[in-house]
Amino acid sequence: MFNDFKPVLKILLRFIIIYVVMVLAYQLYLNGYKNAGLDPFSTWIMRQVDFLQNKIGYPSEMVPGKPEDETTWFFVSGKYVSRMVEGCNAISVMILFLAFIFAFYEGSKTFLFGAVGVIALHIMNVLRIVGLNVLLVEYPQYSRMGHDYLFPAIIYGSVVLLWLVWIKFYALKDSERESA
């Protein structure tokens, strides 16, 4: 009976190990910036959001908070509309994505798909933050719905879509050939 579940348990164990290792590595990275303001990766994303907002006609400025607050504010179209914190950088979402992809390891194409997926998630995340800031400027009455439901659905929906592509076109392709 155990042999029937062995492939599933192997994938699950691989997922858990990869996920835990990546989360611990990310936490070590964050610990290096404790009480020093927003971490460099989050700041890099914020600069991209700021650039894009300025390009589409929403004059933006990044206003750092106190270093111990580990946040930076978006000043958009003449008002403070949101703040960037570490959780907005989508690294935790990317870690979840990569752990799943590598749980179904398929050689070098795993690394390629992982890299393409992380880039796609990064782009979606930047667009998500821009969209949220535009929503906060234009329709502040929908801020809670946008922040809590709509924009998380976009980033998590992107992850699920990428997972489905990975499983359908890459991870299960070889096993389908073997069973045919």
Side-chain angles (χ1 to χ4, degrees), residues 15-103 113-163:
F15 171 83
I16 291 168
I17 290 170
I18 293 167
Y19 182 77
V20 168
V21 167
M22 291 176 75
V23 166
L24 290 174
Y26 182 52
Q27 191 58 54
L28 281 173
Y29 164 79
L30 288 177
N31 289 346
Y33 298 98
K34 200 81 168 152
N35 295 319
L38 201 55
D39 67 279
F41 187 77
S42 298
T43 301
W44 179 63
I45 290 172
M46 192 169 189
R47 284 191 188 110
Q48 293 172 37
V49 170
D50 185 58
F51 173 81
L52 191 54
Q53 288 173 172
N54 281 303
K55 285 291 180 196
I56 64 170
Y58 288 88
S60 301
E61 184 182 341
M62 297 173 8
V63 180
K66 296 181 222 163
E68 62 272 11
D69 290 340
E70 298 172 352
T71 189
T72 301
W73 290 85
F74 276 112
F75 190 73
V76 182
S77 296
K79 49 185 150 174
Y80 289 104
V81 295
S82 67
R83 64 188 180 101
M84 178 85 172
V85 296
E86 169 274 322
C88 301
N89 67 19
I91 291 286
S92 59
V93 173
M94 293 174 195
I95 288 171
L96 188 64
F97 164 75
L98 288 172
F100 182 84
I101 297 303
F102 279 93
F113 190 84
V116 169
V118 164
I119 291 167
L121 289 173
H122 171 73
I123 291 167
M124 286 304 299
N125 189 49
V126 169
L127 294 174
R128 175 186 75 88
I129 297 169
V130 169
L132 180 59
N133 283 338
V134 169
L135 177 86
L136 293 171
V137 168
E138 297 294 333
Y139 305 101
Q141 68 271 27
Y142 299 114
S143 63
R144 184 167 178 87
M145 183 185 70
H147 181 271
D148 294 350
Y149 304 108
L150 177 64
F151 290 102
I154 290 170
I155 196 74
Y156 286 110
S158 299
V159 170
V160 170
L161 183 64
L162 286 167
W163 283 347

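Just so you know, these numbers come straight off a predicted model, no measurement behind them. In what follows, every heavy atom counts, from backbone to side chain, and hydrogens, waters and symmetry copies are set aside. Each residue takes its place number in the sequence, starting with 1.
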Evaluation steps, side chain to side chain contact (heavy atoms under 4.5 Å, CB included), between Cys88 and Val85: CA-CA 6 Å; Cys88 301; Val85 296; 3.8 Å; yes
Side chain to side chain contact (heavy atoms under 4.5 Å, CB included), that's the test. Do Ile18 and Leu98 meet it? Break it down for me. CA-CA 8 Å; Ile18 293 167; Leu98 288 172; 5.8 Å; no
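For the pair Glu70 (side chain) and Leu38 (backbone), a donor-acceptor distance under 3.5 Å is absent. Side chain of Thr72 to main chain of Val63: no donor-acceptor pair is present (N/O by atom type, distance under 3.5 Å, no hydrogens or angles). Panel note: side chain Asn89, backbone Glu86; a donor-acceptor pair is recorded below 3.5 Å. At distances below 3.5 Å, at least one donor-acceptor pair connects side-chain atoms of Ser60 with backbone N or O atoms of Tyr58.
Rounding to the nearest 0.5 angstrom, the gap separating the CZ atom in Phe51 from the CD1 atom in Ile56 is 11.5 Å. In this structure, Leu135 CG and Gln141 CD are separated by 8.0 Å, a value rounded to the nearest 0.5 Å. Between atom OG of residue Ser143 and atom CG of residue Leu150 there is a gap of 12.0 Å, rounded to the nearest 0.5 Å. In this structure, the separation between CG on Asn35 and CG on Asp69 is 9.0 Å, given to the nearest 0.5 Å. Atom CG of Asp39 is separated from atom CG of Asn31 by 11.5 Å, given to the nearest 0.5 angstrom. The distance from atom CD1 of Ile91 to atom CG of Leu96, rounded to the nearest 0.5 Å, is 13.0 Å.
Put simply, the side chain of Asn54 reaches to within 4.5 Å of the side chain of Pro59, judged on heavy atoms. Side-chain contact between Met84 and Ile129 is present, with heavy atoms from C-beta onward closer than 4.5 Å. Proximity of Gln48 to Trp44: side-chain heavy atoms (C-beta onward) are separated by under 4.5 Å at one or more points. Counting heavy atoms from C-beta outward, Val76 and Val134 have side chains that stay 4.5 Å or more apart. Using a 4.5 Å cut-off on side-chain heavy atoms (C-beta onward), Phe41 and Ile45 make contact. Contact of the Gln53 side chain with the Phe74 side chain is registered, since non-hydrogen atoms from C-beta on lie closer than 4.5 Å. Using a 4.5 Å cut-off on side-chain heavy atoms (C-beta onward), Ser158 and Leu121 make contact. Under the 4.5 Å side-chain criterion, counting only non-hydrogen atoms from C-beta, Met94 is not in contact with Met22.
Ser82 approaches Leu136 most closely through the heavy-atom pair CB-CD1, 3.7 Å. Gly146 and Pro152 make their closest contact through O-CD, 3.7 Å (heavy atoms, listed as atom of the first residue, atom of the second, distance). Across all their heavy atoms, Leu162 and Phe113 have their closest contact at O-CZ, 3.4 Å. Considering all non-hydrogen atoms of both residues, Ile155 and Met124 come closest at CD1-CB, 4.1 Å. The nearest pair of heavy atoms linking Trp73 to Tyr80 is CB-CD2, 3.8 Å. Minimum interatomic distance between Phe151 and Arg128 (heavy atoms only, all atoms of both residues): O-CD, 3.3 Å.
In this structure, Tyr142 and Tyr139 have tilted ring planes: the angle between them lies in the 30° to 60° band. The aromatic rings of Tyr29 and Tyr26 sit parallel to each other, their planes meeting at less than 30°, with 60° as the upper class boundary.
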